[in-house]
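Taking it in order: structure first as C-alpha cells, then the write-up.
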Amino acid sequence: AKRAGRNEVKDFDVELKYALLEKIELVKDLRDAIANKEFHLVFQPIVNNVGEIMKFEALIRWQHPTRGLIPPDQFIGYAEESGQIVDIGEWVILEAKMALDKLQSVYGEHIQVSVNVSPIQLSNSQSDRTKLLYDLLTGVYSEGTSGKNGLVVEITENLFMNAEDGTQQHLLNFRKHGVQVALDDFGTGYSSLSYIMNYNIDYLKIDKSFVSKLDEQSPSGALCEGMISMAHSLGILVVAEGVETQEQAALLSKYGCDYLQGYYFSKPQRLEDIIATLRSASIP
Ligand code: C2E
Ligand code: CA
Ligand code: CA
Ligand code: CA
C-alpha cells in the first residue's frame with residue numbers, strides 16, 4: 001500500500017507538470033492568435049416563447065494551428081489569468097458588432113447579439129482599457145427605435161460576488177448607452193435574487209444544469225418556476241439555456257420563461273452558415 005501511495009504521488013506530479021507545460025504553451029500561443037486570425041465566433045439563436053428568433057449569443061472558438069479546434073472552456077480561464085482576455089474581449093465585441101449588422105439586415109432590426117464579458121474586463125486593474133470597452137460597446141451604433149443599440153452584455157454571478165465598487169456603475173453605464181445586461185449562469189454561484197434587486201439587469205439566464213434535469217417530477221421544475229416568477233416580479237426577463245428537448249421547452253414555456261436557447265433549437269453556428277441556411281430555406 002505504501003508503494004502504491006508513493007506511485008500515486010509521482011503520477012500526480014507528472015500530471016501536474018504536463019498541465020503546467022500545456023498551460024504555458026497555450027498562453028504563449030494565445031499571444032499571436034488574434035493577429036493570426038485563429039479566432040472566430042459562432043452564434044446560437046435565442047427564441048421567444050412562440051419560437052421566433054429574437055437574439056443570438058456570440059461564442060468564441062479558437063482554431064489552433066496544430067491542436068485543432070479548442071473550445072472556450074479550455075482557454076478563457078488561462079486568458080483571464082494572463083490578462084489576454086482584455087484583447088480577446090475587445091476583438092469579440094468588434095466581431096459581434098459586424099455580425100449584428102448582418103443579422104439585423106437579414107432577420108430584422110429587433111435582433112440583438114449578446115457577448116460574454118469577463119469580470120477581468122471590468123476590473124479596476126483594467127481601468128485604462130475600460131474606456132475603450134465602452135467605446136466599443138456603445139460607439140458607432142445608431143440607436144434603435146427602442147433606445148437599444150442591439151448589444152447585450154452577459155456577465156456571470158461572480159462579478160457580483162467580488163463586486164468592486166465600480167461594478168454597479170458599469171452596469172448602469174451600459175444601460176444608459178443602450179447596452180442591455182444579462183446575468184449568466186444564474187443559480188450556480190453564491191448570489192441570490194435579493195442581490196439582483198440592487199443591480200440593474202435586464203435578463204437572467206437560468207443555468208443549463210437546472211434545465212437539463214427538467215421533467216414534470218423533478219424539483220428542478222419548481223426551482224425554474226420560482227426563479228422565473230421572482231425575476232418577473234423584479235421586472236427582469238428570463239432566458240433558459242441548454243434546452244435540449246421538446247419537453248424542456250414546453251415546461252419552461254408553461255412556467256412563463258420568456259426566451260429559450262439550446263441544441264433543441266440550434267447549435268451555435270458560423271455566421272455564413274446561418275445566413276446560407278436562411279437563404280436556402282426561403283427559396284420556394
Ligand atoms: P456560457 O456563456 O454559459 O455559454 C453557453 C454554453 O453552452 C456554450 O458553450 C454553448 O455552446 C453551450 N450550449 C448551448 N446550448 C446547449 C445545449 O443545449 N446543451 C449543452 N450541453 N450545451 C449547450 P461554449 O461555446 O463551449 O462556451 C463555454 C463558455 O465559455 C461560455 O459559457 C462562456 O462562459 C465562455 N465563453 C464563450 N465565448 C466567450 C467569449 O467570447 N468571451 C468570454 N469571456 N467567455 C466566453
Ligand atoms: Ca453566456
Ligand atoms: Ca450561461
Ligand atoms: Ca458557463
Side-chain angles (χ1 to χ4, degrees), residues 43-50 52-59 89 92-93 96-97 99-100 103-104 107-119 121-122 133-134 136-138 141-161 163 166-189 191-208 210-211 224 226-243 252-253 255-262:
F43 298 87
Q44 186 176 36
I46 299 173
V47 306
N48 64 12
N49 52 20
V50 291
E52 295 163 338
I53 295 178
M54 302 302 284
K55 311 166 195 293
F56 290 86
E57 178 174 2
L59 297 155
V92 167
I93 293 166
K97 279 164 74 163
L100 174 65
L103 289 166
Q104 284 184 334
Y107 282 91
E109 293 297 311
H110 63 283
I111 290 291
Q112 293 177 301
V113 168
S114 65
V115 291
N116 294 283
V117 168
S118 162
Q121 293 176 264
L122 297 174
L133 181 71
Y134 274 103
L136 286 174
L137 281 170
T138 63
Y141 266 81
S142 55
E143 292 208 344
T145 42
S146 53
K148 292 183 275 188
N149 82 354
L151 286 179
V152 180
V153 161
E154 295 196 7
I155 51 168
T156 53
E157 280 180 88
N158 5 352
L159 184 66
F160 295 78
M161 279 303 293
T167 305
Q168 189 158 9
Q169 197 54 49
H170 284 313
L171 302 188
L172 279 171
N173 286 345
F174 285 153
R175 295 177 94 220
K176 213 175 359 191
H177 288 95
V179 178
Q180 292 194 309
V181 177
L183 182 58
D184 207 353
D185 301 346
F186 186 76
T188 60
S191 75
S192 63
L193 278 166
S194 66
Y195 245 145
I196 292 171
M197 281 201 299
N198 305 319
Y199 286 90
N200 285 280
I201 64 161
D202 300 280
Y203 306 98
L204 184 156
K205 296 190 80 171
I206 299 179
D207 191 69
K208 53 179 174 283
F210 297 98
V211 174
C224 289
M227 288 193 255
I228 293 164
S229 71
M230 280 191 275
H232 284 171
S233 71
L234 297 170
I236 296 166
L237 296 170
V238 180
V239 184
E241 64 178 25
V243 180
L252 288 158
S253 297
Y255 300 150
C257 193
D258 305 280
Y259 300 99
L260 306 171
Q261 174 182 6

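Bear in mind that the values here come from a model prediction, so they are computed numbers and not experimental data. Just so you know, these numbers use all the heavy atoms, side chains as well, and skip hydrogens, waters and symmetry mates.
- Remark: Phe43 pairs with no residue by the ring-ring contact (aromatic ring centres under 6.0 Å, His included) rule, at least two apart or across chains.
- Side-chain contact check for Met227 versus Val238: every heavy-atom pair is 4.5 Å or farther apart.
- For the pair Asn149/His177, no side-chain contact is recorded, criterion being any heavy-atom separation below 4.5 Å from C-beta on.
- Between the CG atom of Leu100 and the NZ atom of Lys55 there is a distance of 11.5 Å, given to the nearest 0.5 Å.
- Here the OG1 atom belonging to Thr156 is positioned 7.0 Å from the CG atom belonging to Asp184, to the nearest 0.5 angstrom.
- Here the closest non-hydrogen pair linking Leu151 and Lys97 is CD1-CG, 3.7 Å.
- For the atom pair Leu204 CG and Ile236 CD1, the distance stands at 6.0 Å (nearest 0.5 Å).
- Side-chain contact check for Glu57 versus Val152: every heavy-atom pair is 4.5 Å or farther apart.
- Note that CG of Leu136 is 12.5 Å distant from OH of Tyr134, once rounded to the nearest 0.5 Å.
- Glu154 pairs by the side-chain hydrogen bond (donor to acceptor under 3.5 Å, both in side chains) definition with Ser114, Lys205, not counting sequence neighbours.
- Taking the side chain as every heavy atom from C-beta outward, Val211 and Glu241 never approach each other to under 4.5 Å.
- Contact annotation: the side chain of Val181 never approaches that of Asn200 to less than 4.5 Å [non-hydrogen atoms, C-beta and beyond].
- The line from CD1 of Ile93 to CG of Asn116 is 10.5 Å long, rounded to the nearest 0.5 Å.
- The nearest pair of heavy atoms linking Ile228 to Ile206 is CG1-CD1, 4.0 Å.
- In this structure Phe210 satisfies the ring-ring contact (aromatic ring centres under 6.0 Å, His included) test with no other residue, sequence neighbours excluded.
- Arg175 contributes atom CZ, which lies 4.0 Å from atom CG of Asp202 (distance to the nearest 0.5 angstrom).
- Between Tyr203 and Tyr259, the ring planes lie perpendicular to each other; the angle is over 60°, past the 30° to 60° tilted range.
- Here the side chains of Val243 and Leu252 are in contact, with some heavy-atom distance below 4.5 Å.
- A heavy-atom distance below 4.5 Å is found between the side chains of Ile155 and Leu171.
- Within the 4.5 Å cutoff, side-chain heavy atoms of Asp258 are placed close to those of His232.
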